[in-house]
Number of protein chains: 2
Amino acid sequence: MRVLVVEDDPELQVAVPAALRSAALAVDLAGTIADADEALFVNAYDCVVFDRMLPDGDSIGYVRSRRQDGWAVPVLFLTAMDQLADRVDGFEHGGDDYLVKPFAVEELIVRVLSLSRRGPTIRPPILRYADVELDTGRREVRRGGVLVTLRAKEFSVLEFLMSRPEQTISRTDLIEHCWDAAADPMSNVVDVTITRLRARLRGGPDLIQAVRGRGYRLIQPSGAQS
Amino acid sequence: MRVLVVEDDPELQVAVPAALRSAALAVDLAGTIADADEALFVNAYDCVVFDRMLPDGDSIGYVRSRRQDGWAVPVLFLTAMDQLADRVDGFEHGGDDYLVKPFAVEELIVRVLSLSRRGPTIRPPILRYADVELDTGRREVRRGGVLVTLRAKEFSVLEFLMSRPEQTISRTDLIEHCWDAAADPMSNVVDVTITRLRARLRGGPDLIQAVRGRGYRLIQPSGAQS
DNA sequence: AATTCTGTGTCATCGAAATGTCATCGTCAC
DNA sequence: GTGACGATGACATTTCGATGACACAGAATT
C-alpha cells in the first residue's frame, strides 16, 4: 500500500513517513500542493495524508476541486485548528478523515491503514463470443466452461479479435496491436500464432476465419455471412 | 441514510438519536447486542453506532466475529476507555472509527455522516485465500493456521495480491502500490520479493503463479491445464 | 561509537518456455 | 491447371522468470 504525505513542517516530514513505513507502507513525500499535484499525477496512491496549511495554500481547496473531477483517493487531513467548524469543513469537501495536531503516531497509522484498505476494487471486463469467454483480469480463457491455457501472444491476439467480433482484422493491425515495433511485418508470425490459437481452441467449431487477402475474423460457422 | 444506534445508557438513548435525526438521518435504536443483531438481520444500515460496553457484553467481540464473515457496514464505537491501546484494539478488529465519551454531539454527527458516505466498501480486515490468512490489522500471516513471519515488503506484496485474488497483477502495479518513488521499475525487486515470499509460504502448494510477460497472480494449483 | 544483525536491493547466471523462422504442403480462385 | 495465399510441423532463437550470492543501509546491541 502506497501513501503520499504532503507536509511542510521539517519535523513532521521526518516523523510521519517514518511512522507509516514502520507499518509496511510505501511512503512518498511532497512539501507543497504543487508537488503533491505532480506526484498524484504520476503515481497511484491508496491514501493521501495532507497537512491543512501548506506554503502554497489550504489543501482543502485543492482536494475539493479534485473531487469535482471524480478523484476518489481517500484523504486524511492533519490540522492544527481544532475548532469543530473547521472539522466539518474538511469533511464536507470530500476529505475522508482528519487528525488534530498534536497526535499520537499510533493513531495516525491506524487511521491511514483504515483508509487505505477501502480501495476501489474494479472488476476488469470479461469478453464473450459464442461459447468462448475471455477474462481480461484473470487472463483466463474458457471454451464451453473448460479452462484453456494460452500463451501470452495467443491471448493477446484472441483478445484483440474478440474486442472486434466479426470484424475482419488485417495482419498489419494485429502486428501493430499485439507485437512491438521490432516485429517483422513480412514474416508469418501472425499466421503461426493463429494456427496455435486454433489448436488450443479445439473444443468446438473453428471460430477464426481467414479472409483471403484481408486478414482474420471471428465468426460462427453456422451463421450466414455477407 | 439509515443508522442503528446500540446504546444502553438511558440518557444517551435519547440524546444520540436526537442529534442524528437533526442531521436528517433515519435512526433505529437497540439496547443490547442481541437486539442489534436482530435489527441488522432485518434492515440495511449505512452505519452503526455501538456503545462499547453493553449489558450482554463488549460490542467489539460481536463486530469482530461479524467481520470475519465479510460484514462490511461501517461502525463507530463509543467508548469510555480512552487509552490508546483500546483505541487501536477497536480499529484492528474491524471497527472503523471511535469516539471517546464524553463527546460533542457535533463531532458525533460529523463522524457518522462521514462513515455513512464511505459506504460498506471497506474490506474485511482479514484476507483469506486457500489456506492462507492475512490479518491486515495485526500484520500477521498464517498458512494452515501456522504463523508465518514475513518481512514488511513481502507482507505488502502478499496483501496486494490477496486483495485481488486470481487477478493478474503487473510488476508495474506492484511497484506502484508496494514501493515508493525511489524504486527502480527496471530492476527485478519484484521477482526477488516473490521468490522470498514463496520460500516463506512453503507449507503447501505454491499459490503464486507467474504469468509470463504480465505479472503474478494468486491461484489454486488444483485447476487443470491443457 | 563500534559492531553485529536484519531487511532489502542488485547482479549474474541458469534453464525452461515462449515465440519467431523456415520449408513444405494444401487449397482456393480464377 | 496454376499461381498466390494460407496452414502447419520442425527447428532455432530469444526472452523471461527463478534463484543464489553479494552489497548496502539502517536498526539494534554492545
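Any value given below was found using the heavy atoms of this structure, including those in side chains, with hydrogens, waters and symmetry copies removed. Proteins come first, then strands; the chains are lettered A, B, ... in the order of their sequence lines, and each starts at number 1.
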**Item:** Evaluation steps, side chain to side chain contact (heavy atoms under 4.5 Å, CB included), between Val141(A) and Phe155(A)
**Value:** CA-CA 8 Å; Val141(A) 173; Phe155(A) 185 93; 3.8 Å; yes
**Message:** What range of DNA chain D does chain A touch, first nucleotide to last, counting atoms under 4.0 Å from its heavy atoms?
**Reply:** dA4(D) to dA10(D)
**Request:** By nearest nucleotide on DNA chain D, pick out whichever of Arg198(A) and Gly213(B) is the more 5' one.
**Result:** Arg198(A)
**Message:** If I compare all heavy atoms of Arg142(B) with all of Glu140(B), which pair ends up nearest, and what's the gap?
**Reply:** NH2-OE1, 3.6 Å
Backbone N/O of [Y] and side chain of [X]: donor-acceptor pair under 3.5 Å:
| X | Y | value |
| --- | --- | --- |
| Asp46(A) | Arg2(A) | yes |
| Arg217(B) | Arg138(A) | yes |
| Arg143(B) | Leu201(B) | yes |
| Arg21(A) | Val27(A) | yes |
| Arg198(A) | Ile208(A) | yes |

Separation of atom [atom1] in [X] from atom [atom2] in [N], rounded to whole Å:
| X | N | atom1 | atom2 | answer |
| --- | --- | --- | --- | --- |
| Leu150(A) | dA17(C) | CG | P | 17 Å |
| Phe155(B) | dG7(C) | CZ | C1' | 16 Å |
| Arg171(B) | dT10(C) | CZ | C1' | 16 Å |
| Arg151(B) | dC5(C) | CZ | C1' | 11 Å |
| Ile194(B) | dT10(C) | CD1 | P | 16 Å |
| Asp191(B) | dG15(C) | CG | C1' | 15 Å |
| Asp206(A) | dT27(C) | CG | P | 14 Å |
| Ile175(B) | dG9(C) | CD1 | C1' | 11 Å |

With a 4.0 Å cut-off on heavy atoms, is [X] in touch with a base, just the backbone sugar-phosphate, or nothing at all?
| X | value |
| --- | --- |
| Tyr216(A) | sugar-phosphate |
| Ala152(A) | sugar-phosphate |
| Arg21(A) | nothing |
| Thr195(B) | base |

**Message:** Between Asn188(B) and Asn188(A), which residue's closest nucleotide on DNA chain C lies nearer the 5′ terminus?
**Reply:**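 So the residue in question is Asn188(B).
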**Request:** May I ask you to evaluate whether Ser187(A) reaches the phosphate of dG20(C), defined as a side-chain N or O under 4.0 Å from OP1 or OP2?
**Result:** no
**Asked** Reckon Trp179(B) has a side-chain N or O less than 4.0 Å from the OP1 or OP2 of dT8(C)?
**Response** no
**Prompt:** Cation-pi between Arg164(B) and Phe160(B): NZ/CZ under 6.0 Å from ring centre and within 45° of the ring axis?
**Reply:**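 Satisfied, under 6.0 Å and within 45°.
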**Request:** Counting heavy atoms from C-beta on, name the nucleotide in dT21(C), dA18(C), dC11(C) closest to the side chain of Arg196(A).
**Result:**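 It is dT21(C).
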**Request:** Report the nucleotide, chosen from dA29(C), dA12(C), dA18(C), that has the shortest atom-to-atom distance to any side-chain atom of Arg212(A).
**Result:**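 Looking only at side-chain atoms, Arg212(A) lies closest to dA29(C).
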